[in-house]
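Report on the following structure.
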Amino acid sequence: MIRLFVGIDLPEEIKDELYALRGGLFGAQWHTKERLNLNLRFVGNVEEHVAEDVLKELRYVRFPAFHMAFKEIGYFAYGDQPHHIWTGVDTPHIISELQEKIDRAVISAGAGNADKFKFVPHVALAKLQGTTMDEVFEYIKRNNLFRSKPFLVDSFCLFASHARENGEGKYYTVEETYPLSLV
């Protein structure tokens, strides 16, 4: 079995900007720079032959390259218990169109159905434990004007997720990179 997801690998300069948002929030377990990416489709744990089918189907996705930037800070919560802090994108409609094409390719490859949650284009910055809503709102207020430099998105990637041998988190490897067309 291999655990896969499809996403946009970010330029180092952008990862540095996102990484600089760390700190000042009780209970935040901040993501490492290597884990900062824009997840477009979680595939999950699949057999090797299904992984090969996903890899091949994604080669048929056609989409133009585009520019984007990250902006604003948000959070996900279960009721009144926040569980993640994230940053959004300035081109959600474009990202959503790309995500729909990728979703169809993954389903066509036999790797499951559409996600039950509405797609929200974002990069998760931290997982939260024991953080109050007031603390989250204060963090958002302090970082309210965040906006990254714009950058060109000219590809997306199929990533594999691996558990670290020491049990301390995960790391990702790029299985294949898929270019977007430059017009």
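This is a predicted model, so every value here is computed, not measured.
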Notebook entry, point to check: Is there a side-chain contact between V6 and Y178 (heavy atoms, below 4.5 Å)?
Noted result: no
Note to self: I want to know whether F5 and Y172 have ring centres closer than 6.0 Å.
What the structure shows: yes
Next item on the list: Could you tell me whether D9 and K15 make a salt bridge, using a distance below 4.0 angstrom between a side-chain N and a carboxylate O?
Entry: yes
Checklist line | Between F151 and H67, ring centroids under 6.0 Å | finding: no
Check: When rounded to the nearest 0.5 angstrom, what is the spacing between CG in D53 and CD in E47?
Finding: 12.0 Å
Next item on the list: Name all residues meeting the salt bridge (charged side-chain N to carboxylate O under 4.0 Å, His left out) criterion together with E34; count only those two or more places apart in sequence or in a different chain, and write none if there are none.
Entry: R164
Check: Would a 4.5 Å heavy-atom cut-off, applied to side chains only, mark I8 and I95 as touching?
Finding: yes
Next item on the list: Please name the pair of heavy atoms, one in G130 and one in Q81, separated by the smallest distance, quoted to 0.1 Å.
Entry: N-NE2, 4.1 Å
Check: So, the side chain of K33 versus the backbone of Y19: is there a donor-acceptor pair under 3.5 Å, distance only?
Finding: no
Checklist line | Minimal non-hydrogen separation, A163 against Y171, with atom names | finding: O-CE2, 4.0 Å
Item checked: Within one Ile-Leu-Val-Met-Phe-Trp-Tyr cluster: I140 and M133, side-chain cutoff 4.5 Å -> yes
Margin query: Give me the atom names and distance for the closest heavy-atom approach of L36 to L10.
Written below: O-CD1, 3.8 Å
Margin query: Could you check whether E176 pairs with R59 (Lys NZ or Arg NE/NH1/NH2 to Asp/Glu carboxylate O, under 4.0 Å)?
Written below: yes
Margin query: Rounded at 0.5 Å granularity, tell me how far CG in L4 sits from CG in L58.
Written below: 9.5 Å
Next item on the list: For F119 and L40, work out which heavy atoms get closest and say how close.
Entry: CE1-O, 3.8 Å
Notebook entry, point to check: Taking the six-membered ring for Trp, is the centroid-to-centroid distance between Y139 and W86 below 6.0 Å?
Noted result: no
Next item on the list: With the side chain counted from C-beta on, respond yes when W30 and L25 share a heavy-atom pair under 4.5 Å apart, and no when they do not.
Entry: yes
Notebook entry, point to check: Going by atom types only, do E175 and T173 share a side-chain donor-acceptor pair under 3.5 Å?
Noted result: yes
Margin query: One thing to verify: whether D90 and K71 come together as a salt bridge, which I'm taking to mean a side-chain N less than 4.0 angstrom from a carboxylate O.
Written below: no
Note to self: Give me the atom names and distance for the closest heavy-atom approach of H122 to L38.
What the structure shows: O-CG, 3.6 Å
Next item on the list: Take K127 and H83 through the test side chain to side chain contact (heavy atoms under 4.5 Å, CB included) and record every step on the way to the result.
Entry: CA-CA 6 Å; K127 182 178 180 178; H83 60 84; 5.9 Å; no
Check: Are the side chains of F42 and R3 in touch, meaning some heavy atoms are under 4.5 Å apart?
Finding: yes
Check: Is the ring centre of H84 less than 6.0 Å from the ring centre of F76?
Finding: no
Check: So do the side chains of I94 and L98 get within less than 4.5 Å of each other, counting heavy atoms only?
Finding: no
Margin query: Can you confirm whether T177 sits close enough to F156 that some side-chain heavy atom of one is under 4.5 Å from a side-chain heavy atom of the other?
Written below: no
Next item on the list: Assess the side chains of E135 and T132: does a donor N or O sit below 3.5 Å from an acceptor N or O?
Entry: yes
Item checked: Partner set under side chain to side chain donor-acceptor pair (under 3.5 Å) for S155, not counting sequence neighbours -> none
Note to self: Show, in sequence, the C-alpha distance, side-chain angles and deciding distance for Y75 and F137, and conclude whether the side chain to side chain contact (heavy atoms under 4.5 Å, CB included) test is met.
What the structure shows: CA-CA 9 Å; Y75 67 94; F137 294 148; 3.6 Å; yes
Margin query: Quick check: closest heavy atoms across E72 and T87, and the distance to 0.1 Å?
Written below: O-OG1, 2.8 Å
Item checked: Straight-line distance of R142 CZ to N144 CG, nearest 0.5 Å -> 11.5 Å
Item checked: Donor-acceptor contact present, side-chain R35 to main-chain A124, <3.5 Å -> no
Note to self: Let's go through E52 and H49 carefully: what are the C-alpha distance in whole Å and the side-chain angles of both, what is the deciding distance for side chain to side chain contact (heavy atoms under 4.5 Å, CB included) to 0.1 Å, and is it a yes or a no?
What the structure shows: CA-CA 5 Å; E52 281 298 317; H49 71 279; 5.6 Å; no
